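Only a predicted model underlies this, so the values are computations on that prediction, with no experimental measurement involved. Sequence positions, counted from 1, serve as the residue numbers for this chain. Computed from heavy atoms alone, side chains included, the values below leave out hydrogens, waters and symmetry copies.
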Amino acid sequence: MEIFQTIWTALTTPNETLTKYLIAPTTILELFVTMSLFTTILDIHPTRKQKLLYLLVLSLWSILLSISLDSTILNVLNILILPLAIMFFFKTSFLKSIVAEIISFFSMTISETLFLKLYLEVFNITAEVANTTPIYRIAFALIMYAFIFLLYKLAKHFKFNITLLDNIPTRNKALLVLSFIIGIITIFVQNYVNSYYSDILPTFLIVLSTFTLLSFFTISMYSVSKTTQLQIAQQNLEEAQLYNKSLKILHDNVRAFKHDFSNIVQAIGRIC
């Protein structure tokens, strides 16, 4: 009984080092739910081997670095490594890997923003206590992962996906990549502010900031979609015009042949 009491005391007492060690294995769950979400939205169909390798390599990477590095440095490294890992394991384009990273970080930010303030109020604790106490940190992480998993199920059920990224002309990809990188930095800053100042900032300001970020992301993706559709339609129109021109040339050649053939038949008739 005394052992259980000691364990419970350790789990409910703020201890940043112990929390860092205990929260590290939950990285596997985070990678799994975010992978499920972005592969569904981006219409990526990885094999079981690709999924296992992605989870194994990145989870080991994150666990080892989370134990030895500060969380802010770890997040920066993950921002740099994640799109490269998605490109390598899932054989996607760089643009699609950047969007996959945005979906991952954005879903984490949204879930944290939606539930953190309520979580702190329900348990009557501060953000610092929630971040340094093992049981609070693990419980909140599980809540976020459950919410992201729900988003994945909804996206899969309603067949919500983005399939236009592969058709974007090359001249526009650089601008889109730059926009998405700025979006990743914005999401990172938003996540940092929510994590450390959620108990200080007013709820209205947090909700407004999240809604603004969500609106920006939605409008950006909608603009990309419409721009791509317009460019594809223009390309199809140009191809149709070339096809019609080819048909006109072919029609003129057939008419010329018919005229020549009629003259030959008439000449043969007169000779006979």
Indicate if Phe149 and Ile28 have the same hydrophobic cluster label, given that clusters are the connected sets of ILVMFWY residues with side-chain heavy-atom separations under 4.5 angstrom.
no

Would a 4.5 Å heavy-atom cut-off, applied to side chains only, mark Leu151 and Val33 as touching?
no

Given the rule that I, L, V, M, F, W and Y join up when any side-chain heavy atoms are under 4.5 Å apart, are Ile135 and Leu118 in one cluster?
yes

Single-linkage hydrophobic cluster Tyr21~Ile63, side-chain heavy atoms < 4.5 angstrom
yes

Just wondering, are more than 12 heavy atoms of other shown residues or ligands nearer than 6.0 Å to CZ in Phe32?
no

Is the closest side-chain heavy-atom distance between Lys96 and Ile44 below 4.5 Å?
yes

Flag the pair His45 / Asp43 as yes when at least one side-chain heavy-atom distance between them is below 4.5 Å, and no otherwise.
yes

Kindly compute the distance separating CD (Gln50) from CG (Leu55), expressed to the nearest 0.5 Å.
12.0 Å

Starting at OG1 of Thr34, measure out to CZ of Phe106 and round the result to the nearest 0.5 Å.
15.0 Å

Do any N or O atoms from the side chain of Thr39 and from the backbone of Ser36 form a donor-acceptor pair under 3.5 angstrom?
yes

Just so I know, are the side chains of Phe123 and Val129 near enough to count as touching, which here means a heavy-atom distance under 4.5 Å?
no

Looking at every heavy atom in both Pro134 and Ala10, which two are closest together, and how far apart are they?
CG-O, 3.8 Å

Indicate yes or no: at least one non-hydrogen side-chain atom of Leu11 is less than 4.5 angstrom from one of Leu22.
yes

Let me see the working for Tyr152 and His157 under side-chain contact (heavy atoms from CB on, under 4.5 Å), right down to the final yes or no.
CA-CA 9 Å; Tyr152 151 66; His157 177 73; over 6 Å; no

Within the 6.0 Å centroid threshold, strictly below: Tyr54 and Phe90:
yes

Pairwise side-chain contact, Leu142 with Leu29, heavy-atom cut-off 4.5 Å (strictly under):
yes

Centroid separation under 6.0 Å, is that true for the rings of Tyr136 and Phe140?
no

Is any side-chain heavy atom of Arg137 less than 4.5 Å from a side-chain heavy atom of Asn131?
yes

Looking at Ala130, is its backbone amide N or carbonyl O close enough to the side chain of Thr133 to form a donor-acceptor pair, meaning the two atoms are under 3.5 Å apart?
no

Find out if a path of hydrophobic residues (ILVMFWY) with successive side-chain heavy-atom gaps under 4.5 Å connects Trp61 to Leu52.
no

For the CD1 atom of Ile143 and the OH atom of Tyr119, what is their distance to the nearest 0.5 Å?
5.5 Å

Is Phe88 reachable from Val57 through a run of hydrophobic residues whose side-chain heavy atoms are each under 4.5 Å from the next?
yes

The reported gap from CZ in Phe94 to CG in Leu84 (rounded to nearest 0.5 angstrom) is 6.5 Å

Separation between CD1 (Ile98) and CE (Met87), nearest 0.5 Å, reads 9.0 Å

Looking at Ser59, is its backbone amide N or carbonyl O close enough to the side chain of Ser62 to form a donor-acceptor pair, meaning the two atoms are under 3.5 Å apart?
no

Ring-face cation of Lys156 near Phe158 (centre distance under 6.0 Å, axis angle within 45°):
no

What's the verdict on side-chain contact (heavy atoms from CB on, under 4.5 Å) for Leu120 and Thr126, showing C-alpha distance, side-chain angles and the deciding distance?
CA-CA 6 Å; Leu120 297 180; Thr126 63; over 6 Å; no

Correct closest heavy-atom pair for Ser97 and Pro83 would be CB-O, 3.3 Å

Going through the checks in order, is the side-chain contact (heavy atoms from CB on, under 4.5 Å) test met by Phe38 and Ile102?
CA-CA 9 Å; Phe38 72 69; Ile102 288 180; over 6 Å; no

CG of Leu80 to CD of Glu101, rounded to nearest 0.5 Å, is 8.0 Å

Residue pair Met35 / Leu31, side-chain heavy-atom distance below 4.5 Å
no

